[in-house]
Amino acid sequence: MYINALAHYLPEKVVPNSYFINVNGLTDEWIEARTGIRERRKAGSGENTNTMAVNALKLAVESLPYPKEETDLIVGATYSPYDTVGTLAHAVQFELGVNHIPAVSISAACSSFLNAIEIVEGYFASGKASKALVVVSEHNTAYANEKDTVSGHLWGDGAAAVFISRERQSENDLFIREVNTKGAALVGKGVEAVVLRPFDGGIIMPHGRDVFINACQYMAQTTDDILKKHGYSIENLAWFIPHQANMRISRNVAEQLKLPEEKIVSNIQYLGNTGCAGCAIGLSERRNDYTPGDVIVVSVFGGGYSYGAMLVEV
């Protein structure tokens, strides 16, 4: 599979850490020391999961090397939907203007971006599609309880769009060597560590330490596994894009892998935790920095203890 075009969208509103001192009593220094976050983006009035996805699509189409009408599959991914019936995939299909093609949305916590790409892989393998659009979008702040001193200050909003084809379309395509996801719900506090119950407190993280321990373990393990499977070592890795949850997690994983910090792609400092959109945004943000021969690994971990990795070659 090949990535033909990608782009991201971020709301204009910036919420600095200092905002929370009068909301939940947490200081700028306290938040940054424990999470690495300095500020985050927040969707404005009239914005939601669907509108952010549509805006990301509009930006991605600008660099698409073929007519958008050739798209024959749309997969949306989010755990913070605006509409659970008319999903972001349908909103994006309406904007794309391509009718009578599969348009599905999935939710697999913060691994949803990679799960969406696996769905594309399945459609390609079955011959049911050849050019797909994956859109990831999170409106975390719509569900967050800002007064929650455990996780109310973590969340940010954003979206990304990625066009993927079965066959190579241009010399600028990125090659997806492999994508692989798994679930580890039986491990630790897997099914209760991070939850979003709209009528029962919104999105909360009551077992942060358990999340930290398992995220560090599985993100390092799946990264090492996918590199070795394809004959690469850590020295071959040009860019490492971990799930954008906590800077301490990213650094811990890098330390386990003996990976220099300058190879870590991180946007959590200025975007907060943007859920399943975080890695896709990171992949898009660094697009102009990639050079031929670069090896990229995207590694994810999320609620329900879903995890996985994607190996991309430039």
OH (Tyr9) and CG (Asn55) are apart, to the nearest 0.5 Å, by 5.0 Å
OG (Ser299) and CG (Leu257) are apart, to the nearest 0.5 Å, by 8.5 Å
Practice item. Would you kindly say whether Asn267 and Glu285 are connected by a side-chain donor-acceptor distance under 3.5 Å? Key: yes
When every non-hydrogen atom of Ala56 is compared with those of Ala7, the smallest separation belongs to O-CB, 4.0 Å
_Can you confirm whether Glu262 is buried at CD, in the sense that more than 12 heavy atoms of other residues, nucleotides or ligands lie under 6.0 Å from that atom?_
yes
inquiry  = Take a 6.0 Å sphere around OH of Tyr218 and say whether it holds more than 12 heavy atoms from other residues, nucleotides or ligands.
reply    = yes
Minimal heavy-atom distance between Met52 and Pro11, with the atoms involved, is SD-CG, 3.7 Å
- Message: Do Arg38 and Tyr270 form a cation-pi contact, if we require the NZ or CZ to be under 6.0 Å from the six-membered ring centre and within 45 degrees of the ring's axis?
- Response: no
Do Leu73 and Leu133 come within less than 4.5 Å of each other through their side chains, counting heavy atoms only? no
Assess, by modelled atom type and distance only, whether the side chains of Ser233 and Glu235 contain a donor and an acceptor separated by less than 3.5 Å. yes
Closest non-hydrogen contact found for His230 with Ile226 is CD2-O, 3.2 Å
To the nearest 0.5 Å, atom CD of Glu118 lies from atom CE of Met1 at 8.5 Å
Within the distance-only criterion (no hydrogens, no angle test), does the side chain of Asp28 pair as donor or acceptor with the backbone N or O of Ser18 below 3.5 angstrom?
no
Quiz item: Is the NZ or CZ atom of Lys131 positioned over Tyr66's six-membered ring, under 6.0 angstrom from the centre and within 45° of the axis?
Solution: yes
Hey, are the side chains of Met247 and Gln269 touching, using non-hydrogen atoms and a 4.5 Å cut-off?
-> yes
*Distance only, no hydrogens: is a donor on one side chain within 3.5 Å (strictly under) of an acceptor on the other, for Tyr290 and Glu313?*
no
key: Test item: side-chain donor near acceptor, Tyr305 and Asp210, under 3.5 Å   = yes
Here the pair of heavy atoms bringing Ser151 nearest to Ile204 is OG-CA, 3.7 Å
Result for side-chain contact (heavy atoms from CB on, under 4.5 Å) between Phe113 and one of Val300, Val134, Val75 points to Val134
Margin query: Could you tell me if Asn246 and Thr35 have a donor-acceptor pair between their side chains, going purely by distance under 3.5 Å?
Written below: no
Please assess Arg40 against Asn273 for the test side chain to side chain donor-acceptor pair (under 3.5 Å), listing each intermediate value before the final yes or no.
CA-CA 8 Å; Arg40 71 284 294 144; Asn273 185 337; over 6 Å; no
Between Leu88 and Ser137, the two heavy atoms sitting closest are CD1-CB, 3.9 Å
Review point. Counting only heavy atoms not in Glu70, do more than 12 fall under 6.0 Å of its CD?
Key: yes
Notebook entry, point to check: Using a distance-only test with no angle check, is there a side-chain donor-acceptor pair under 3.5 angstrom linking Glu138 and Thr274?
Noted result: no
| Taking NZ, NE, NH1 and NH2 as the nitrogens, is one of them in Glu62 or Lys68 under 4.0 Å from a carboxylate oxygen of the other? | no
> Can you find a side-chain donor-acceptor pair between Asn140 and Asp157 that sits under 3.5 Å?
Replying inline: no
